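For reference, the structure is listed below as structure tokens.
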There are 2 protein chains.
Amino acid sequence: MTNSSALFAFYNLLIRHYERWEVIEKGKLMEGAGRGGKTTAKRRPRQRVLQRDPERTRAAILEAATQEFAENGMGGARVDAIAERAGTNKRMLYHYFGDKEQLYLHVLEEAYVGIRTAERALHIGDRSPEEGISDLALFTWRYFLKHPEFLSLLGTENLHRARWLRQSVRLKELHSHLLGELEQVLERGKKAGVFIASADPLNVYLTIASLGYFYLSNQYTLSTIFGRELSEPDNIDAWEQQIVHVTLASIKA
Amino acid sequence: MTNSSALFAFYNLLIRHYERWEVIEKGKLMEGAGRGGKTTAKRRPRQRVLQRDPERTRAAILEAATQEFAENGMGGARVDAIAERAGTNKRMLYHYFGDKEQLYLHVLEEAYVGIRTAERALHIGDRSPEEGISDLALFTWRYFLKHPEFLSLLGTENLHRARWLRQSVRLKELHSHLLGELEQVLERGKKAGVFIASADPLNVYLTIASLGYFYLSNQYTLSTIFGRELSEPDNIDAWEQQIVHVTLASIKA
DNA sequence: CATCAAAGTAACTGTTTAGTTACTGGCCGG
DNA sequence: CCGGCCAGTAACTAAACAGTTACTTTGATG
């Protein structure tokens with residue numbers, strides 16, 4: 001047994017070095033690589049400008065993973081594809097993020113941090129209650145429009161019943177700010193007599209998010225079955241107006 | 001070359017029959033099988049009552065595939081898992097449906113036929129315009145509530161930009177009935193002065209569907225980030241009222 | 001009751017996959 | 001200016017995967 005396994009190891013060594021020679025000698029390097037052209041400098045490493053940059057590599061992996069998970073879901077995403085998109089190697093991915101699941105969780109957390117951070121900059125309480133609500137509706141819609149990968153990640157995470165989001169420790173207190181500010185705006189509107197007394201912050205937010213989310217995330221099947229291209233600018237604009245109209249109509253006194 | 005391949009074939013034969021002997025002799029049959037206990041009768045096939053039933057097998061595969069695709073998406077679904085759930089064999093799945101993609105398309109088509117068929121039985125034009133709209137909203141919401149697998153399949157299909165639905169020939173004329181009937185109801189309401197002139201059939205349907213779809217399909221992440229269990233009966237009932245309220249408020253004159 | 005096509009089975013195959021290992025080479029503190 | 005550490009690489013592995021093959025069983029038909 002020891003003999004044959006030693007023989008096998010030697011055979012592997014042979015194969016390995018033969019293949020390497022083949023690669024170097026025949027110039028077979030990276031035929032179908034990613035978009036970036038930064039993969040050539042293998043034979044003369046000195047040509048590269050910056051070779052070791054942990055921060056940049058980490059960020060590239062996170063960005064690539066966001067794309068891959070958004071396009072293919074957790075089940076369909078491929079670790080090799082992420083590494084290639086990031087212009088790096090699978091080993092680095094495991095080095096920085098542990099495994100596929102933890103990488104996915106990082107991507108998801110980053111996406112939530114993104115929208116909640118942008119939301120905070122809104123200050124919906126600064127103008128009249130009606131303008132505040134319509135600002136929130138417009139912001140949410142336009143953020144969804146600009147960040148389809150966020151919607152996609154939400155869909156994937158819900159397919160798995162929030163299996164990974166539940167494990168997140170970073171996200172517990174991230175969302176309370178939104179509901180708090182929204183409640184203040186609604187209260188001011190009720191006192192001013194422009195909003196009905198039953199208007200509820202969570203319901204209002206869910207209404208706004210529903211109308212934006214469904215239109216965008218289901219646009220492909222909807223366009224197909226109803227024979228109307230929902231992604232056309234005119235239809236997009238019309239739906240933006242519909243969202244503001246519906247939201248305000250549902251709480252107006 | 002011929003010699004060694006004959007040797008290889010003989011080796012395979014040996015392995016194969018050794019393994020079969022091992023399975024039969026040592027009683028290794030189906031340790032971790034599915035829920036059903038109907039897998040034992042392997043050594044004595046005569047014990048089974050009804051062994052050949054194409055219709056039932058086909059239906060079982062379709063049902064099992066619906067569950068598997070809904071739970072795991074197209075990328076995450078496993079062909080072996082579908083066969084096991086159906087209490088049959090992978091070979092049958094390929095026999096009846098060709099391959100994984102065609103099976104998925106059948107599941108998707110069946111799901112759409114389901115909701116559109118139930119919708120036709122509604123006859124929303126039979127009562128007052130307002131009751132018609134509220135009936136449609138209630139029906140849609142309750143159908144979504146009863147058929148989470150439909151919502152899940154929609155999500156999966158949209159993740160892939162309706163790649164398979166677009167190929168479907170069965171579904172082109174299935175959906176026009178809904179918009180036609182809805183338009184008639186809206187027209188009657190406008191003439192009676194209870195609906196605004198700008199009320200549009202597609203917008204109204206999208207509004208109804210949005211509110212139901214988002215709440216249910218995103219309930220897991222929403223419950224997590226807002227710390228309120230959306231699946232609780234009280235919250236479900238409250239949202240049903242919200243849907244009817246919002247829909248009517250958005251078109252009332 | 002022999003035949004034969006369709007229904008059904010389980011083992012097999014080539015490929016893809018997440019994750020690992022063994023190695024290389026640049027860079028910073030001494 | 002050098003030695004060890006760490007970013008980075010590519011080849012490897014075991015398991016899982018979709019799809020196939022070779023074969024057996026069943027029941028309707030002559």
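Numbered from 1 within each chain, the chains take letters A, B, ... in sequence-line order. All values derive from a computational prediction rather than experimental measurement. The figures that follow rest on heavy atoms only: side chains count, while hydrogens, waters and symmetry mates do not.
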[X] [atom1] - [N] [atom2] separation (whole Å):
X	N	atom1	atom2	answer
Phe97(A)	dA18(C)	CZ	P	16 Å
Leu103(A)	dA18(C)	CG	P	11 Å
Lys90(B)	dT13(C)	NZ	C1'	10 Å
Met92(A)	dT9(D)	CE	P	7 Å
Glu84(A)	dT9(D)	CD	P	13 Å
Leu93(B)	dT20(D)	CG	C1'	14 Å
Asn89(A)	dC12(D)	CG	P	14 Å
Tyr96(A)	dC6(D)	OH	C1'	9 Å

Below 3.5 Å between N/O atoms, which protein atoms pair up with nucleotides 14-17 of chain C? Just atom names and distances, please.
residue, atom, partner, partner atom, Å
dT17(C), OP1, Arg78(A), NE, 2.7

Do Glu71(B) and Arg85(B) sit within salt-bridge range, that is, some charged N less than 4.0 Å from a carboxylate O? yes
Could you check whether any side-chain N or O of [X] sits under 3.5 Å from a backbone N or O of [Y], counting only pairs where one atom can act as donor and the other as acceptor?
X	Y	value
Lys90(A)	Ile82(A)	no
Gln219(A)	Leu216(A)	yes
Thr221(B)	Asn218(B)	yes

Is [X] near enough to [N] that one of its side-chain N or O atoms lies under 4.0 angstrom from OP1 or OP2?
X	N	value
His95(B)	dA7(C)	yes
Thr88(A)	dT9(D)	yes
Thr57(B)	dA7(C)	no

In terms of relative ring orientation, are Tyr215(A) and Trp239(A) parallel, tilted or perpendicular, with 30° and 60° separating the classes?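 Rings of Tyr215(A) and Trp239(A): parallel, under 30°.
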Got a sec, which pairs hit salt bridge (charged side-chain N to carboxylate O under 4.0 Å, His left out) with one end in residues 213-230 of chain B, sequence neighbours left out? none
Both Tyr94(B) and Arg91(B) contact DNA chain D. Which one's nearest nucleotide lies toward the 5' end?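 The residue closer to the strand's 5' end, by nearest nucleotide, is Tyr94(B).
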Could you check which of dT9(D), dG19(C), dG19(D) has an atom nearest any side-chain atom of Asp99(A)? dG19(C)
Return yes if a side-chain donor-acceptor contact under 3.5 Å exists between Glu157(A) and Trp164(A), otherwise no.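 Per modelled atom types, Glu157(A) and Trp164(A) side chains form no pair under 3.5 Å.
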